[in-house]
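Everything on this sheet refers to the single structure shown next.
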Amino acid sequence: MIVAMQEHASEEQIQNVTERLLELGFKVHRTTGTIQTILAGVGTPSVFDVKDFQVLDGVADAYRISSPYKLAGRSFRPEGTVIHFANGVTVGGNEVVVMAGPCSVESREQIFSAAEKVKAAGAKFLRGGAFKPRSSPYSFQGLGLEGLKLLREVGDATGLLIISEVMEISQIELMMPYVDVFQVGARNMQNFNLLRELGKIRKPVLLKRGIAATIEELLLSAEYIMSGGNYEVIVCERGIRTFETSTRNTMDISAIPVLKRLTHLPVIADPSHGTGKRDYVLPMARAAVAAGADGLLVEVHPDPDHAVSDGAQTLRPDQFAEMMREVRAISKAIGRQA
Ligand code: PEP
Ligand code: MN
């Protein structure tokens, strides 16, 4: 941490800040300039808040120079994390992995049809919500256990890996036999109790960025899971809420290279929730892959106009097949495979 003292800070104020740094376990290196004193706190105390220093008497500003997330930070594993699945699929390696399927599991016919179509186009994972976090309590809430059973059945029949959302702690055990990846939705990104419990399991977790979460907050949430010993976390940019109303959310493409720099975890992008409109999904999918995403999470339905949730942002199978063709071309152009 760097603490820059005000130009005419007194010796007493400088000593006070120095003592506070020492109390936290920092080694202090002082530079006394003709008009300003700079204190560099070197070391890695487990917890401190830079704001506590910014308000001390005589301080002009204080900056953190190490990241507040140790396990999620790039330096923990500079080479990057690659998650391996039983069928040989990897996430975070050279391959750009596509996870696709309907917003919600609706029926046997619907999920089997969706699975067959996304698999034919090249998806490696089937997505589908069995527990749905809906903005209105009157909207469809998901098929629950019945939906999970359908997902497992279709996963086993097609060889697709299964990803589905977990909304609360009590669902973790229930879902365990049915899913290959637990999805934590945007609304639960800071459900710290849920994150801690997911840290105790040994199955990958896909953590979505909250609608008003900073990148640092997303990585601190990943740290919650990792601090329990579960290092298989995938982070997902899915759009954030801004003043713009033309799209459901504002897809933060720049978060992708920022995350790739800050963390070793695989980074994927969800252009469906990122835009809310199916016409914009393909261009944002292209952009996300070009920006360095390790994969995509995309909503696809055999008949999106009759989908029970998120139909407007859901691709028809033919649109998804076109997306996959373009994603493959872009991946190849940047030295990756899809
Ligand atoms: C979803 O994937 O269907 C979903 C609810 O996503 P999010 O949590 O990003 O809104
Ligand atoms: Mn959805």
Side-chain angles (χ1 to χ4, degrees), residues 97-106 110-111 114 118 123 125-137 139-144 147-148 151 161-168 171 175 179-191 194-195 198 204-213 215 217-218 221-222 225 233-242 247-253 255-256 259 267-278 280-281 284-285 288 293 295-316 320:
V97 179
V98 178
M99 310 177 173
C103 180
S104 307
V105 182
E106 299 170 13
Q110 176 244 20
I111 199 68
V118 301
F125 283 78
L126 177 67
R127 61 149 290 150
F131 299 109
K132 294 305 302 178
R134 305 305 303 283
S135 299
S136 164
S139 300
F140 176 67
Q141 305 285 309
L143 291 183
L148 292 172
L151 283 170
L161 294 159
I162 299 296
I163 172 166
S164 196
E165 178 163 353
V166 59
M167 284 177 60
E168 53 163 292
Q171 292 162 354
M175 290 177 71
V179 302
D180 298 296
V181 175
F182 283 88
Q183 175 176 324
V184 174
R187 293 157 192 81
N188 268 319
M189 188 204 86
Q190 288 190 314
N191 182 339
L194 177 63
L195 301 179
L198 290 168
V205 176
L206 181 142
L207 178 64
K208 287 186 139 194
R209 182 178 183 184
I211 61 169
I215 290 171
E217 286 164 340
L218 171 60
S221 288
I225 302 170
V233 180
I234 302 164
V235 290
C236 177
E237 163 60 33
R238 49 77 74 203
I240 48 175
R241 183 159 291 178
T242 67
T247 47
R248 180 179 178 182
N249 292 291
T250 296
M251 181 85 186
D252 183 4
I253 296 288
I256 298 164
L259 283 164
V267 177
I268 77 152
D270 172 352
S272 306
H273 294 84
T275 60
K277 287 185 184 146
R278 86 175 64 116
Y280 305 141
V281 172
M284 285 298 102
L296 297 169
L297 179 68
V298 183
E299 289 184 337
V300 183
H301 189 292
D303 179 12
D305 294 334
H306 293 96
V308 299
S309 58
D310 286 350
Q313 67 191 32
T314 299
L315 297 181
R316 295 189 312 266
F320 178 66

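Every number for a ligand or one of its atoms is a count from 1 in the order of the listing. What you see below is based on every heavy atom in this structure, not just the backbone, and it leaves out hydrogens, waters and symmetry mates. Computed from a predicted model, the values in this text were never measured in an experiment.
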For [atom], the protein heavy atom that lies nearest, with its residue and separation:
atom	answer
atom 7 (P) of ligand 1	Lys208 NZ, 3.4 Å
atom 10 (O) of ligand 1	Arg238 NH2, 2.8 Å
atom 5 (C) of ligand 1	Glu165 OE1, 3.7 Å
atom 4 (C) of ligand 1	His273 NE2, 3.3 Å

* In plain terms, say whether Asp252 and Arg209 are close enough for a salt bridge, that is, a side-chain N and a carboxylate O under 4.0 Å apart. =>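 Counted as a salt bridge, because a side-chain N and a carboxylate O are separated by less than 4.0 Å.
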
**Study point:** Cationic N near anionic O, under 4.0 Å, Arg248 to Asp310
**Key:** yes

Would you mind naming the N, O or S atom of Asp310 nearest to the Mn ion (ligand 2)?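 It is OD2, the N, O or S atom of Asp310 closest to the Mn ion (ligand 2).
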
Item to complete: Would you mind naming the N, O or S atom of Glu299 nearest to the Mn ion (ligand 2)?
Response: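 For Glu299, the N/O/S atom sitting closest to the Mn ion (ligand 2) is OE2.
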
So, taking the atom named [atom1] in [X] and the one named [atom2] in [Y], what distance separates them when rounded to the nearest 0.5 Å?
X	Y	atom1	atom2	result
Thr250	Arg241	OG1	CZ	10.0 Å
Phe140	Arg134	CZ	CZ	8.5 Å
Leu126	Ile163	CG	CD1	10.0 Å
Ile162	Phe125	CD1	CZ	9.5 Å
Arg278	Glu299	CZ	CD	11.0 Å

task = For Arg209 and ligand 1, answer yes if some heavy atom of the residue is under 4.0 Å from a ligand atom, otherwise no.
result = no

Does at least one non-hydrogen atom of Cys103 fall below 4.0 angstrom from an atom of ligand 1?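 Within the 4.0 Å threshold, so yes.
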
State, without any angle test, whether Thr275 and Thr247 hold a side-chain donor-acceptor pair at a distance under 3.5 Å.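 No, Thr247 and Thr275 have no side-chain donor paired with an acceptor closer than 3.5 Å.
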
For Lys132, the ligand 1 atoms with a heavy-atom partner under 4.0 Å come out as 1 (C), 3 (O)

What atoms of ligand 1 come within less than 4.0 Å of a heavy atom belonging to Gly185?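 Under 4.0 Å from Gly185, ligand 1 has these atoms: 8 (O).
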
Can you check whether [X] has an N/O within less than 3.5 Å of an N/O in ligand 1?
X	value
Ala186	yes
Gln183	yes
Arg187	yes

With a 4.5 Å limit on heavy-atom distance, are the side chains of Ile111 and Leu151 in contact?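 Side chain of Ile111 against side chain of Leu151, heavy atoms only: contact under 4.5 Å found.
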
